[in-house]
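What follows is a short report on a single structure.
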Amino acid sequence: MSEATAQHSHDEADSHHVAATNTGIPNKKLAMWAFLASDCMFFGTLISTHLIYRRVNPDVVIDGNVVPVTSIFDIELTSASTFILLMSSLTMALTVSAMHKHNVKAARWFLLSTIFFGSLFIGAQVYEFNHFVHNEAHPLTLTNTIFGSTFYVLTGTHGVHVLIGLIWLTTWYFYSFSPKFNEENVMDIEVTGLYWHFVDIVWILIFPLVYILEYI
Amino acid sequence: MRILRILTLSVTLLSLLLFSGCLKIDQNQSALDPKGPVASQQADAFYVTLYLTTFLWIVVGGAMLYAVWRYRLKKTDDPNEIPEQSHGHPIIEVGLILFSAACLVVVAVPTLQGILMTKSLPEEYQEGAITVDVTGYQWWWAFDYPEEGVTTANELVIPVGKAVKLNLRSADVIHSFWLPKLAGKVDLMPGQENFMWIQADEPGMYWGQCAEFCGDAHAYMLFRARAVPQEEYEAWLADLKDGPEVPVDAPEMPEEYSEQVVQGKKVFMQNCYSCHMVGGKGGVNGPNLTNFGSRATIAAGWMENNTENLFNWIKKPHEIKPGNYMWYGVPMKTPGGGIITMEGLKEADLSDEDIHAVVAYLQTLK
Amino acid sequence: MANGTTTTIPHDSGHDAEHDKPQRSFFRLVQRPQQGCHPVIDWLTTVDHKKIGIMYGAFALLFLLVGGVEALMIRAQLFLPENDFVTARLYNQLFTMHGTTMIFLAVMPLNAAFFNYMMILQIGARDVAFPRLNAFSLWSFVAGAVLINLSWFWEAFHGGWFGYAPLSTKDYNPGMGADFWILSLQILGVASLAASFNFITTILNMRAPGLKMMRMPVFTWMTLITSFLIILAFPAITIALVELMFDRHFGTHFFDATFGGKPILWQHLFWIFGHPEVYILILPAMGIVSEVLPTFSRKPLFGYPLIVMSGAFIGFLGFAVWSHHMFTVGLGVVATTAFSLMTMLIAIPTGVKIFNWIGTLWGGKIHFTTPMLYSLGFIWMFMMGGFTGIMHSSVPVDHQQQDSYFVVAHFHYVLIGGALFALFSGIYYWMPKMSGKLMNETWGKISFWIMFFGFNLAFFPMHLLGMAGMPRRTHTYLGDMGWNEWNMWSTAGAMILGVGIGSAVVQVVYTWAKGKKCGMDPWDARTLEWATANPPKDYNFARIPEINARDQVWANKYGKPEEKSGPGEPEPHGIHMPDRSWYPMSASFGLFMVGLGMVFHKQNFLGWDHTLEMVYIGGGILLLSIYLWALEGPRGYHVHPEED
Amino acid sequence: MSETTRKPNFSPASKKTIEGESTRFFTFFNVILTLIGLTFLELILIILPFHEYVLLTGLIVLSIIKFGLVIWYFMHLRWDQIFLTALFMLGLILASGTVAALYLLFPAGESAANKEAPAAQSGAH
Ligand code: HEO
Ligand code: HEM
Ligand SMILES: [Cu+2]
């Protein structure tokens, strides 16, 4: 795949309405990347909080007992959600690819699969939270340990990002049937895709740093 | 316009002069009147930075003023004249950057010395050093002498010429221990123990104050450090260990005490004992009062210790220190996470007579 | 210049007929305001960067006065020892609100006013990249500002502008003041972030042809760098505030030491934001000065690339020095040393700027106008503040100075002598651009000298007070500490400073209403904003100018032939102008309701105790507004300016 | 165009675009396979008998590779202007630097809860 091809496809999508920009990058895309750079700091702060508190409080004490975190976690489930989110990233990339080809029908199917995988991920997270909170032996709640606080706030913020992404994608799905849906929206969907992939890479970091680390 | 400018300029200069004229530096809490090794190092470092930056300020500011004066538009000039359009000069730039870096090295040296000096007690000061645990409360100080097993409050007593290692902790919010003539401040952080050390080279009463905003009555959170010769320090310790002449839990009072003191002790047991210790017994939510009668100040250094002030303090502590827990009661966390409140004087409803009595009793605690 | 006749014709996209229908909002809920609508509606729904800039400026000046009154009350209380002009609680609220107001509601929005108005003109653009988002930033700023000032009617926050935990947690600050503060800052954060993404995109993407990055005016450069600082620094405080809010309302223990929380983490997170924030305040000021000095020296900026690079360097280093606010919290030797040395390094790029400013003056023809006076005052006073900053960067020195009045002196020298002087310089410099009217020079100079004198009288003694051991944030002091005279001088100076600032604000208002009209380029200036009418037409430039030189306007007047340039090609279909919209404002209003509802969570708001519903309704309004906003599209109309 | 896509108004994409995107289609599949493979590796790491630090390094390297693959291919950085990569790296580097610095500023196991804090002992608020 050559640079030239790639360049071309983008020009194609933008050339109709968007005025030429100095950088050659469409405004919305540039703004989204700037937002993602900023979002790195958001998650950086949250991840710091979690890691620091994990470091200064090596023992997770629930009801007076030191509880190994591995006995709370359910690594099979979390691995499964990790695969699910990765898959959603693939389908998102394929959605954008189809949009570039102006193949709206295919794009819609890929979009629907992305929404499906995303919902599955959220479902798994809801199940996981529920499971942890109602764990008979040692319930992990938002308030009973500092580990619980940092864990739920970090993964919860990620979950909220996924949820926003889902709403956004669903909106596109329905909008794609509107007569107003046109070639300008190719770029819009690409921008939504960037957001979605970012949510995925944040999970790529959360998975080892929050989950797998506990098993080492 | 011109007259106005000259006028204001000269007024500015005059007032600056005025300030430097009344520049005295031996105020109670002055950092520029160091009386110990740590404060001296810090004052020296300050002077290094002061001289350096004053020099730079005059040179750079002078260059600016000179340029402004030299290249100003004069009455005779053509306002539309265009001066030469120069764009920059690499050699000057690089030179000035190197010069600035060199100036910074001058600042960095005493900085590093200071950091090393305060991180732990240096070898040469270790002989005869004592340790005091300082705990900050809203809005008073507890001073424990772990090696001696005694506790006092708001008035630290230390031997002259000996280093004092301070372990700083907080019982509630962040406070900061600042005794300017002996050392710069270090914060008292909840859940963390900080270290600093001080040494007084001259005997005397040193003034200190909490420097980190800690709530409503932050401004009233003062303290004193009394530096005394070694013998006097030991005598003070012995006295403190002895406990008060009138033990707070003694059933009988010695003959020589007046009715009032006896009454005062009763009032104290009923209303104050749950929070204040006297002679190793009592509560820990308020300052330890064992040697209270020999302290110079009350209310964490805010007022002189005399009958009138003491009466006012006990009558309406919340009007002297807003939010005062002595009046409103001390909220305490239970292990379950709930809060219970230790009743304060608000509920006690003391009569003036009771207060006079308790004042009389307190003054016997020496 | 163009005496433009404007004709409205439907957006012609050439693609689908939908665009040609009357421009109504989705569902026809509200009519999308058209040209010639009522002025009030016009201002409320405008997407024009110039109107938005003016509103930012007007609100900022208002809050400057509010913060100033708070400051004067602080000083009045400190006039005498053991004074009881205000209670301890009120005093603590005053300095908290003063700091928060001045930083977030006065200086930042005043900067934003110039970003909005001037930066766009300086790059020869017609508007920002996302005009409606820009309006949303403005209204969210207003929402946050109103929310935090509403707190005066219930309980204003009394925890200091950096709200250190655990003092700001429910245990020690049970009232709703802290909640007002937290939620307002969150809303203000949204406003700043949205504005910054917009500015970054605009500057990178929408420059006039030929305006390479290294030809951009320094003020535009500083806007870009500041915007980057905002998007990279604000997340830290946002998360810190979220954690604090969870502690206060949802029973977590992020900052509760008895449960393994670390109050010191709050300080880290706050200052990771807080230190870049002080450069967010000062870099635009440096940008303004870098415009004013060349204009009135009639010389180009000396060392332009160095000034730009040092600005970027200051911004970058600004992220590596945050712990210099925490030298006394017990960080350990390595961390303390590292942060101390990094802090000192910042003197170098800052020095570079100062040297180059003096280089700009050198050999020039210096016109003593009011803006020039303010800029010169800036250099001198900011330098002094910078030097006390260097003192703070030395750990042993800072052990004595931290949390004393010396720090208060330091930051007022950089904030008033620095940021505020430069901003007034900008106001006097750009007023002709914004209003088409010149400010009165004599009165301007009188104000400057009153301010300059009052400022030094108010804040110089604070250095001495700090070294004499007076801690900051104390509402009273004993009479025998040796602080009485300096406090009296300082209060007197503050009152004079107040008169100076007040008189300057009055002049702004007066000029706006009745000032003397002036031509297009009253200062014989250098940069692109002076190449269009005063005030500019809606579309800024009838034809986008082409750029061949750094100071194009100057080059056109006096430059070499190859540097000169004319306006570019006219737009074939006329100039496209985006339509006004209600949704930015309604979205901000939703945000405001969410904030208010959360502050009053489990409380009663004016006799109404369904505050949770308020959150839901606000959220609904926000969401709906975003949807309708997306669906209505930018739309717009075309304008055919008559050629000049 | 087919029945369902008639309403939205799209012109056919250029041949070049279609060819390019079709090649990418396979790239994307290779990427996802690699990602899944690496995730398995991460999981296997847990049970390997190496030293903690080796495992930790391995984990970090693996996540960085995964991270890189997604931004490079899925997020099109490979095909977009280098400027976008720089823009994102600015945020990423600053964030990672901050995380690392913060993490190192907090010594392990030094919290109050582990040491019976003085505050907890004194029982006061
Ligand atoms: C506009 C805002 C602004 C600016 C620009 C600065 C600039 C600087 N600040 Fe300041 N600050 C600002 C706003 C604040 N600072 C604070 C507090 C503060 C503290 C903590 C004090 C404490 O609480 O103990 C330190 C260590 C510094 C250091 C510095 C340094 C080194 C600079 C440097 O950027 C200055 C560089 C400039 C120089 C040095 C002058 C020119 C240089 C020349 C001429 C070159 C040659 C010079 C040398 C070689 C020395 N600041 C606080 C208090 C917050 C609070 O606690 O409430 C605020 C608000
Ligand atoms: C009329 C002009 C001003 C006066 C007289 C004034 C006075 C003061 C005083 C006396 C304090 C210290 C209060 C204390 O520690 O007890 C203070 C704090 C502060 N001021 Fe100002 N100030 C003025 C303008 C400004 C401006 C323009 C800014 C910012 C741009 C500003 C920012 C701050 C900040 C951040 C604090 C710290 C608040 C805190 O401790 O939480 N001030 N001011
Ligand atoms: Cu700083």
Side-chain angles (χ1 to χ4, degrees), chain B residues 8 12 15 19 27-32 41-42 45-46 49 53 57 60-61 63-64 67-68 71-73 81-88 93 96-97 100-101 104 107-108 111 114-115 119 173-174 176 180 184-187 189-192 194 209 211-213 215-219 322 333, chain C residues 88-89 160 164 166-167 172 257 263-264 298-300 302-303 306 328-330 333 336-337 340-341 344 347-348 351 354-355 358 361-367 376 379-380 383-384 387 390-391 394-397 399-400 402-403 449 453 456-457 461 467-469 471 473-476 481-482 558:
Chain B
T8 29
T12 313
S15 46
F19 285 131
Q27 296 88 346
N28 293 336
Q29 235 160 262
S30 174
L32 298 179
Q41 198 277 338
Q42 288 166 344
F46 170 70
T49 61
T53 53
W57 192 64
V60 182
M64 183 190 93
V68 168
Y71 299 105
R72 73 192 184 283
L73 181 72
E81 190 192 315
I82 296 173
E84 193 200 332
Q85 305 283 299
S86 64
H87 287 274
E93 312 269 8
L96 286 171
I97 289 175
S100 309
L104 291 176
V107 181
T111 299
I115 294 174
K119 85 170 185 199
V173 299
I174 305 171
S176 189
K185 64 195 72 61
V186 174
D187 294 353
M189 303 289 294
Q192 175 180 327
N194 279 344
Q209 188 161 356
E212 182 69 58
F213 178 61
D216 283 339
H218 163 60
K333 260 189 211 161
Chain C
R89 170 64 64 87
Y164 274 1
L167 191 61
Y172 303 103
I264 201 175
R298 302 177 68 75
K299 267 183 69 197
F302 196 77
L306 266 170
T328 60
V329 303
V333 176
T336 308
T337 310
S340 171
L341 297 180
M344 289 178 195
I348 295 179
I354 291 188
F355 300 142
I358 297 175
L361 297 171
W362 209 274
K365 263 278 159 271
I366 297 171
H367 290 231
L376 293 172
I379 300 182
W380 212 21
M383 189 160 60
M384 197 160 148
F387 286 142
I390 291 302
M391 296 184 184
S394 170
V395 179
V397 182
H399 269 273
Q400 289 287 13
Q402 203 262 335
D403 270 330
W449 285 112
F453 176 72
N456 280 291
L457 187 60
M467 293 318 288
R473 297 176 168 177
T474 46
H475 74 279
T476 188
M481 304 299 281
Y558 307 107

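On a predicted model such as this, the values are computed, not experimentally measured, just so you know. A note on names: the letters A, B, ... follow the listed sequences, proteins ahead of strands, and every chain is numbered from 1.
Counting heavy-atom pairs closer than 4.5 Å to chain B, the top-ranked of the candidates C/Pro166, C/Ala468, C/Gly303 is C/Ala468. No other option in B/Gly114, B/Ala31, B/Ser176 has as many heavy-atom pairs under 4.5 Å with chain C as B/Ala31. Contact count against chain B (heavy-atom pairs under 4.5 Å) is highest for C/Gly363 among C/Gly363, C/Ala88, C/Pro263, C/Gly330. With chain C as the partner, the residue from B/Asp187, B/Val60, B/Ile174 showing the most heavy-atom pairs under 4.5 Å is B/Asp187.
Residue C/Met383 holds its CE atom at 10.5 Å from OG1 of B/Thr53, rounded to the nearest 0.5 Å. Separation of atoms CG (B/Leu104) and OG (C/Ser394) is listed at 11.0 Å; rounding is to 0.5 Å. In this structure, the separation between CD on B/Glu81 and NZ on C/Lys365 is 5.0 Å, given to the nearest 0.5 Å. To the nearest 0.5 Å, atoms CE (C/Met344) and OG1 (B/Thr111) are separated by 3.5 Å. Rounding to the nearest 0.5 angstrom, the gap separating the CD atom in B/Glu93 from the CZ atom in C/Phe302 is 5.5 Å. Here the NE2 atom belonging to B/His218 is positioned 7.0 Å from the CG atom belonging to C/Asp403, to the nearest 0.5 angstrom.
The two atoms that bring C/Ile366 and B/Val68 nearest to each other are CD1-CA, 3.7 Å, heavy atoms only. Residues B/Ala67 and C/Trp362 share a closest heavy-atom pair of CB-CE3, 3.6 Å. Summarising the geometry of C/Gly160 relative to B/Phe213, their closest heavy-atom pair is N-CE2, 4.3 Å, with the distance given to 0.1 Å. Heavy-atom minimum distance, B/Ala219 versus C/Thr476: CB-O, 3.8 Å. Among all heavy-atom pairs drawn from C/Pro396 and B/Ala45, the shortest one is CG-CB, 4.1 Å.
At least one donor-acceptor pair closer than 3.5 Å links the side chain of B/Gln192 to the backbone N or O of C/Val329. The closest donor-acceptor contact from the side chain of B/Lys185 to the backbone of C/Thr328 lies at 3.5 Å or more, if one exists at all.
Residue C/Ile264 touches chain B through both its backbone and its side chain, counting heavy-atom pairs closer than 4.5 Å. Contacts between C/Leu341 and chain B at a heavy-atom distance below 4.5 Å involve the side chain alone, from C-beta outward. With a threshold of 4.5 angstrom between heavy atoms, B/Gln85 approaches chain C through its backbone and through its side chain. Heavy atoms closer than 4.5 Å to chain B are found in both the backbone and the side chain of C/Thr337. In this structure, the portion of B/Gln41 lying under 4.5 Å from any heavy atom of chain C is its side chain and not its backbone. With a 4.5 angstrom heavy-atom cutoff, B/Met64 touches chain C via backbone and side-chain atoms both. For a residue to count as touching a neighbouring chain, one of its non-hydrogen atoms must lie under 4.5 Å from one of that chain's; by this rule C/Ile354 touches chain B with the side chain only.
The salt bridge (Lys or Arg N to Asp or Glu O under 4.0 Å) test applied to C/Arg89 returns B/Asp216, not counting sequence neighbours. Among residues two or more places apart in sequence or in another chain, the side-chain contact (heavy atoms from CB on, under 4.5 Å) test is passed with B/Ala217 by B/Trp139, B/Tyr220, B/Lys321, B/Pro322.
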(message) Apply side-chain contact (heavy atoms from CB on, under 4.5 Å) to residues B/Phe46 and C/Met391 and explain how you reach the verdict.
(response) CA-CA 7 Å; B/Phe46 170 70; C/Met391 296 184 184; 3.8 Å; yes
(request) Using the side-chain contact (heavy atoms from CB on, under 4.5 Å) rule, take C/Arg298 and B/Tyr71 through it: C-alpha gap first, then chi angles, then the decisive distance, then the call. (result) CA-CA 11 Å; C/Arg298 302 177 68 75; B/Tyr71 299 105; over 6 Å; no
(request) Determine, step by step, whether C/Leu167 and B/Glu212 satisfy the side-chain contact (heavy atoms from CB on, under 4.5 Å) criterion, reporting the C-alpha distance in whole Å, the side-chain angles of both residues, the deciding distance to 0.1 Å, and the verdict. (result) CA-CA 11 Å; C/Leu167 191 61; B/Glu212 182 69 58; over 6 Å; no
